[in-house]
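Input: a single structure, listed below in structure tokens.
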Amino acid sequence: MMKTFTVWLVAGLMGLLAVRAQAGETNILSLRDAEEMAIKNHPKISAAQLIALASREVVREVRSAYFPTVTADATAVGSAGDNTRIAAGGLNNPLIYNRNAEGVTVSQLITDFGRTANLTSSAKLRSQAEAEGAEATRAQILLEVSSVYFDTLQAQSVLEVAKQTVATRQLVFDQVSTLATNQLKSGLDVSFAKVDLEGGKLLLANAQNDLQAGFARLDNLLGEREPRDWVLVDEPVSMGSPPDTTQLIQTALRERPDLLQLGHERDAAAKFARAERDLNYPSISAMGSAGVIPVREPDELKSDYAAAGVNLSLPIFSGFLFTARRNEADLRAEAAAENLRDAQNNVIRDVRVTVLNVNYAMERMTLTEQLLESANEAFDLAQGRYQAGLSSIVELSQAQLNKTEAEIAQARAKYDFQVQTAILNFQIGVLR
């Protein structure tokens, strides 16, 4: 029966493809095509990639402290009169001369005893965390694509079941109506057959709505703003031996991009905490300046100037600012470590639950196949008994209902297994 159902489903799909090919409206879409379109068009993936690229520039910003800074200056001064001095805003009062000068100033950090190095390492780790975050976003979108794709395939299969159900119940209704016209069946039988037919039409309407809703969700994931009438390609079902939970957990802890992201964030927070502790150390820098003074007081200023020196900056008291910053960074580093540990515990739980769901879905496929075989046999028997006048329409109606429910359950079991398999691949970090 499983093979018969599969052949019937494939034949229906091929017929649908042929009709649409004649109309020039074929939009055949495989799961691989859907994934590629989502990766290319989904704005969340693009945004995550842009943020990852932006974080690389932060590394360059922090690392710029290693390089010298060079500035060019041009100054023109006209004094109000002789002996003009700075009278406010400073402890000294140097003379101000009429002059025009151009020069260059160079400043170079010699050492800050590890602070810049730790800040750079922290920025690099945060950049790696953003890159893993982009991978995590990509994996999440791919999971959504797989789930919606298989849900839509399920809706498509249920629609075919509903169409076949309506056709079968229409045939029964027509036969019972004819027999009732010839006074071989009662009006009650016609009423029951009509109720069954209307129930089948209701199932058909619901299946059509579910299919269109599935296409709408799929369009959204693929970045399509206009509705597309897709023809989805059925994916083969791969049923192997039950997965090894312990091995899958180890794979998840090693491969999950969101865990890798949290690990980099923890390490970055630890490096930043070390950089904040380095605020208590001195910094040593060198500075040089040189230039010319083409317009000047000849008796007071020379035609050029040059100077160089080394500056030592030693923090003595900052109003406990550095202590508070160090404590804050240490606490945030500890919090990042705890966030990682919590996420790892959640991943272990999710992998275990998903493995149970995969095994159950696998078992359901076998059970629904057996259920469908029994339902088909019961329907054939009930139909024969009713036509022979050995049973009532109620027995036939129940047999029809059981057969329809078994067909729907089989379709749902198949695609639920594929959805659970995709979820498992996501949980262990191999869906990228």
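The residues of the chain are indexed from 1 along the displayed sequence.
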Partner residues of Asp416 under the side-chain hydrogen bond (donor to acceptor under 3.5 Å, both in side chains) criterion, sequence neighbours left out:
Arg364

For residues Val166 and Lys201, report the shortest heavy-atom separation together with the two atoms involved.
CG2-N, 3.7 Å

Report yes or no: do Asn359 and Glu363 form a side-chain donor-acceptor pair below 3.5 Å?
no

Can you measure from CZ (Phe192) to CG (Asp196) and round to the nearest 0.5 angstrom?
8.5 Å

Residue pairs passing the salt bridge (Lys or Arg N to Asp or Glu O under 4.0 Å) test where at least one lies in residues 40-59, sequence neighbours excluded
Glu57-Arg60

Rounded to the nearest 0.5 Å, what separates atom CZ in Phe272 from atom CZ in Arg325?
6.0 Å

Phe320, CZ atom: more than 12 neighbouring heavy atoms under 6.0 Å:
no

Near Arg352 CZ, under 6.0 Å, is it more than 12 heavy atoms from other residues, nucleotides or ligands?
no

Just checking, is any N or O donor in the side chain of Arg256 or Gln261 under 3.5 Å from an acceptor N or O on the other one?
no

Testing the basics here: between Gly200 and Arg169, what is the closest heavy-atom pair and its distance to 0.1 Å?
N-NH1, 3.4 Å

Return the minimal non-hydrogen interatomic distance between Gln427 and Val347, and the atom names on each side.
O-CG1, 4.2 Å

Tell me, with the steps shown, if Leu314 and Tyr281 meet side-chain contact (heavy atoms from CB on, under 4.5 Å).
CA-CA 7 Å; Leu314 178 64; Tyr281 298 136; over 6 Å; no

Please report the C-alpha distance between Ile39 and Arg138 in whole Å, then the side-chain angles of each, then the deciding distance to 0.1 Å, and finally whether the side-chain contact (heavy atoms from CB on, under 4.5 Å) criterion is met.
CA-CA 7 Å; Ile39 292 172; Arg138 172 190 170 111; 3.4 Å; yes

Any donor-acceptor N/O pair, Asp219 side chain to Arg228 backbone, under 3.5 Å
yes

Could you tell me whether Glu130 and Arg126 have a side-chain N and a carboxylate O separated by less than 4.0 Å?
no

Answer whether the closest heavy-atom distance between the side chains of Val419 and Ile423 falls below 4.5 Å.
yes

Heavy atoms of Val148 and Thr152 approach each other most closely as O-OG1, 2.7 Å

Pairwise distance CD(Gln250) to CD(Gln247) - rounded to 0.5 angstrom:
9.0 Å

Measuring only between side-chain heavy atoms, which start at C-beta, is Phe173 closer than 4.5 Å to Val190?
yes

Does Glu198 come within less than 4.0 Å of Lys194, counting only side-chain N to carboxylate O?
no

Does the pair Thr165 and Val161 meet the rule for a side-chain contact (heavy atoms from CB on, under 4.5 Å), with working shown?
CA-CA 6 Å; Thr165 298; Val161 171; 4.0 Å; yes

Hey, does Gln49 have a side-chain heavy atom less than 4.5 Å from the side chain of Ile45?
yes

With side-chain contact (heavy atoms from CB on, under 4.5 Å) as the test, would you mind laying out the steps for Leu232 and Leu218 before giving the verdict?
CA-CA 11 Å; Leu232 305 185; Leu218 191 59; 3.9 Å; yes

4.5 Å side-chain heavy-atom contact, Leu204 and Leu159
yes

Between Ser122 (side chain) and Asn118 (backbone), is there a donor-acceptor pair under 3.5 Å?
no

Working note: Asp174 + Gln170, criterion side chain to side chain donor-acceptor pair (under 3.5 Å); need CA distance, chi angles, decisive distance, verdict.
CA-CA 6 Å; Asp174 293 341; Gln170 182 69 56; 3.0 Å; yes

Closest non-hydrogen atom pair between Ala422 and Leu431, with its separation:
O-CD2, 3.9 Å

Can a donor-acceptor pair be found, under 3.5 Å and without considering hydrogens, that links the side chain of Asp342 to the backbone of Glu338?
no

Determine yes or no for a side-chain-to-main-chain donor-acceptor pair under 3.5 angstrom, with Asn182 supplying the side chain and Thr178 the backbone.
yes

Looking at side-chain heavy atoms only, is the closest gap between Ile408 and Leu203 below 4.5 Å?
yes

Rounded to the nearest 0.5 Å, what separation is found between the CD1 atom of Ile249 and the CG atom of Asp244?
9.0 Å

For the pair Asn209 (side chain) and Ala205 (backbone), establish whether a donor and an acceptor sit closer than 3.5 Å, ignoring hydrogens and angles.
no

Report, as yes or no, whether the 6.0 Å neighbourhood of atom OH on Tyr66 holds more than 12 heavy atoms from other residues, nucleotides or ligands.
yes

Can you confirm whether Tyr386 sits close enough to Lys185 that some side-chain heavy atom of one is under 4.5 Å from a side-chain heavy atom of the other?
yes

Residue that, paired with Glu276, satisfies salt bridge (Lys or Arg N to Asp or Glu O under 4.0 Å) out of Arg326, Lys271, Arg115:
Arg115

Report the distance from atom CG of Leu424 to atom CZ of Phe417, rounding to the nearest 0.5 Å.
9.5 Å

Would you give the length of the straight line joining atom CZ of Phe215 to atom CG of Leu222, rounded to the nearest 0.5 angstrom?
11.0 Å

Heavy atoms only: give me the nearest Arg63-Thr120 pair and the separation to one decimal.
CA-OG1, 3.9 Å

Check: Asn311 and Met287 side chains under 4.5 Å, non-hydrogen atoms:
no

Does Gln420 reach the side chain of Tyr360, with side-chain heavy atoms less than 4.5 Å apart?
no

